[in-house]
S.K.: 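I have a structure I would like to understand better, so I am pasting it below and will then ask my questions one at a time.
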Amino acid sequence: MFWLLLFLPLQALGAVDKAFGVSSDLLSKYVPSKSNTWNCLDGSKQIPWDFVNDDFCDCPDGSDEPGTGACRNQSFYCQNVGHIGSFIPNSRVKDGLCEPNCCDGSDERPGVCRNTCEEVGLAYKKQIEAEMKLRKTGSKIRAKYIAFAHKEKKRLEDIIQTFAAEIAVRTKEVARIRDIAERAESLSASALELKQQSPLYTSLITHSNALKSLQREHKKHLQREKELSDVLDSLRTGYNPNYQDMAVLEAVRGWEELAGLPHINDVRKDSVSDEEAGLDEDWDSDGLEITEDVEDEMWTAEDLENDLDDLLNQDYISLLLEHDEYVQASSESSILFDVASYLPDSVIPKYEEFKETLVSWLVSLGVIKGEAPSSADTSRSRQALTNAENELNKVVKEKEDAENELKEIFNIHGYGMEGEWKKLDGTCLRTDVGDYTYEVCLFGEAKQIPIKSGSSFTLGKFASWNPSPDVKPGDEEYYKKQVYNRGHRCWNGPERNVVLLLSCGTENVLTSVVELEKCEYQFTGTTPALCLPLDDADIKSKDEL
């Protein structure tokens, strides 16, 4: 009897609800006019109200048959009370098959499909609640990533500012040293040798040698003092006071007074060590710091330890040449002996030409000695210039690197609009599959590493976020895929490549690795960076469930 009902026309089964299969947002349009007519939704035709859902397609747009399969390319709406309504193609309506999307069974005739919306809705609600809880927890971690990005931005801005100031200082220093080097190279060997014979230069060298000698002796004395203090400390802590050896006792007392230490017997009584008492060679027995008056301009022990080597490594030739800038007493620089200064400007070029020719003849005849530049004496100045230029270039490069890194922090093509991915730069995710460990270091390199033995293979280096033309940079979908390419070439095959698919999770982990095609890998993983905070729409949707 039931099977006979399947082949009976709809009219024989009684009237069908005219709004059957209509979504809730269109219900208001499925109302007859006063003349009991109805307009197709596209406005192309007016039909009798009885023709709606009569299992015959009257409207060109098929809008008159929302609850039957009479019109092609239309959708049927399942109300799914207790769950979420959904659309299915109307070709699947009354085909004898229960559609999963229609848990209320409304796509089939009564009695064919069981209404499972209550249990499906309950399971779906639990799933949504779990996802929202995961997202809520992950979004808190993501917020920390964003805070880290802002701290990095501030740090890089400070570094760039520091580098800019240092570059300005080093640029001036390079100009100063270049001037010295050029003047040194312009000097003849004999002129430079003459300058080095000046009382100033010889005094500088003498002082330098004296300082080096004092430094050597100072270090010897420091070492001997340490060895002596170790001996006296051993005597102080190891002698037996019961023997009443006055010589030993006086030696101990003398050392304790000199070193500012409490008497060893008092320490033993209190069972407190010198270290525990906070006493050392810089403090007296009353806990007062031992200070030594140091005159202005005198160096402290710390200065001698940290700065003396730099002073002794000074380039004295460069200092000598710098000194010449302030001394203009040489007869060679006097205008009295500068013939060119008394000549008209029009005559000077011929005079200079004549002077050069005359000097050249006198040198060739041996009357005067030609001046040849000395590379040996100017090498230190040139090396100092090279070192200064290298240091300047190094700082310039570091500043450029910091500027480029700063640009990427809040770049949608880099670490995201909010900088949430900056924290994960270089974070490596790993998982074992079969005989291999697969690793991907975010924004770096993906690898295949043998667990037992063998060579590792590069599967690709980071190339881009989701390159699909259908995905807009900066959208959530954009950051769910990373591409790593140009890995090691497979034997008799293409280069290895990796597509990393990511989703929201409370941990940064790699969950699966699949080789979809030869040398084409798909990694999946989770990260808090994709856990967006819940908004009002999410909370409202949850409440409606």
Side-chain angles (χ1 to χ4, degrees), residues 1-129 535-545:
M1 183 68 179
F2 173 75
W3 293 105
L4 291 173
L5 293 174
L6 295 177
F7 297 99
L8 291 175
L10 287 175
Q11 291 83 350
L13 295 174
V16 177
D17 183 4
K18 299 302 182 181
F20 184 60
V22 179
S23 61
S24 56
D25 58 330
L26 292 177
L27 281 176
S28 61
K29 296 185 178 182
Y30 281 82
V31 177
S33 66
K34 292 181 180 180
S35 58
N36 207 34
T37 59
W38 185 77
N39 291 325
C40 300
L41 292 183
D42 64 356
S44 62
K45 191 176 181 180
Q46 188 179 71
I47 62 173
W49 175 246
D50 291 340
F51 286 7
V52 176
N53 268 343
D54 66 347
D55 204 21
F56 185 84
C57 193
D58 298 296
C59 292
D61 64 353
S63 57
D64 62 310
E65 299 298 320
T68 72
C71 300
R72 295 181 179 180
N73 301 324
Q74 293 299 307
S75 296
F76 174 83
Y77 184 73
C78 307
Q79 295 289 341
N80 293 339
V81 178
H83 187 40
I84 299 175
S86 64
F87 287 94
I88 64 170
N90 62 358
S91 60
R92 298 180 184 177
V93 175
K94 295 180 177 58
D95 61 354
L97 300 175
C98 299
E99 299 296 328
N101 290 345
C102 274
C103 60
D104 60 0
S106 59
D107 60 312
E108 301 300 325
R109 289 179 172 83
V112 175
C113 299
R114 185 172 67 89
N115 188 332
T116 61
C117 285
E118 185 176 352
E119 54 192 89
V120 171
L122 183 61
Y124 181 75
K125 184 176 181 180
K126 289 182 178 179
Q127 177 187 346
I128 292 299
E129 288 176 346
D535 53 25
D536 294 339
D538 296 320
I539 298 174
K540 182 179 178 181
S541 176
K542 177 187 174 184
D543 293 340
E544 290 175 351
L545 289 175

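Count residues from 1 along the sequence.
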S.K.: What distance do E65 atom CD and D54 atom CG have between them, rounded to the nearest 0.5 Å?
M.R.: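 Answer for the CD-CG pair, E65 versus D54, is 5.0 Å.
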S.K.: Backbone N or O of C71 within a donor-acceptor pair of the N90 side chain at under 3.5 Å?
M.R.: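 Yes, because the side chain of N90 sits within donor-acceptor range (under 3.5 Å) of the backbone of C71.
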S.K.: How would you list, by chain and number, every residue that makes a side chain to side chain donor-acceptor pair (under 3.5 Å) with N115, sequence neighbours excluded?
M.R.: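 By the side chain to side chain donor-acceptor pair (under 3.5 Å) rule, N115 matches no residue at all.
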S.K.: My understanding is that only residues two or more places apart in sequence, or in another chain, count here; which of them pass side chain to side chain donor-acceptor pair (under 3.5 Å) with N101?
M.R.: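 Partners of N101 under the side chain to side chain donor-acceptor pair (under 3.5 Å) test: none.
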S.K.: Among all residues two or more places apart in sequence or in another chain, which pass the salt bridge (Lys or Arg N to Asp or Glu O under 4.0 Å) test with E99?
M.R.: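 For E99, the residues satisfying salt bridge (Lys or Arg N to Asp or Glu O under 4.0 Å) (neighbours in sequence not counted) are R92.
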S.K.: Which residues pass the side chain to side chain contact (heavy atoms under 4.5 Å, CB included) test with E108, sequence neighbours left out?
M.R.: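 Once residues adjacent in sequence are excluded, the partners of E108 under the side chain to side chain contact (heavy atoms under 4.5 Å, CB included) criterion are K94, D95, V112, C113.
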S.K.: Taking side chain to side chain donor-acceptor pair (under 3.5 Å) as the cut-off, I'd like each qualifying pair that reaches into residues 20-30, sequence neighbours left out, listed once.
M.R.: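 Sorted pair list: S23-D25.
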S.K.: Restricting to non-hydrogen atoms, name the atom on N53 and the atom on G67 that form the minimum distance, rounded to 0.1 Å.
M.R.: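 Smallest heavy-atom distance, with atoms named: OD1-N, 2.8 Å.
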S.K.: Hey, could you give me the NE2/CG distance between H83 and L122, rounded to the nearest 0.5 Å?
M.R.: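 Those atoms lie 11.0 Å apart.
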S.K.: Who are the salt bridge (Lys or Arg N to Asp or Glu O under 4.0 Å) partners of E119, not counting sequence neighbours?
M.R.: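 For E119 the salt bridge (Lys or Arg N to Asp or Glu O under 4.0 Å) partners, ignoring immediate neighbours, are R114.
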S.K.: Between atom CG of D64 and atom CG of N39, what is the distance when rounded to the nearest 0.5 Å?
M.R.: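 D64 atom CG to N39 atom CG measures 12.0 Å (nearest 0.5 Å).
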S.K.: Just to verify, what does S75 make a side chain to side chain donor-acceptor pair (under 3.5 Å) with, not counting sequence neighbours?
M.R.: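 For S75 there are no side chain to side chain donor-acceptor pair (under 3.5 Å) partners, ignoring immediate neighbours.
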S.K.: Would you confirm whether T116, through its side chain, and V120, through its main-chain N or O, come within 3.5 Å as a donor-acceptor pair?
M.R.: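 Pair absent, no side-chain N/O of T116 close to backbone of V120.
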S.K.: Would the SG atoms of C103 and C78 measure under 2.5 Å apart?
M.R.: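 Judged by the SG atoms alone, which are 2.5 Å or more apart, C78 and C103 are not bridged.
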S.K.: Would you say that more than 12 heavy atoms from the other residues, nucleotides or ligands in this model lie under 6.0 Å from the CG of N36, or not?
M.R.: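 Yes, enclosed.
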S.K.: Would one find more than 12 heavy atoms of other residues, nucleotides or ligands at under 6.0 Å from atom CZ of F56?
M.R.: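 Not more than 12 within 6.0 Å, no.
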S.K.: Considering residues at least two apart in sequence or located in another chain, which fulfil the side chain to side chain donor-acceptor pair (under 3.5 Å) criterion with D50?
M.R.: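 For D50, no residue satisfies side chain to side chain donor-acceptor pair (under 3.5 Å) once neighbours in sequence are set aside.
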S.K.: For S86 and N80, which heavy atoms make the closest approach, and how far apart are they?
M.R.: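 Answer, listing the atom of S86 first, then N80: OG-ND2, 3.5 Å.
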S.K.: For F51, which residues count as a ring pair (Phe, Tyr, Trp, His ring centres under 6.0 Å) partner, sequence neighbours excluded?
M.R.: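 Not a single residue meets the ring pair (Phe, Tyr, Trp, His ring centres under 6.0 Å) criterion with F51.
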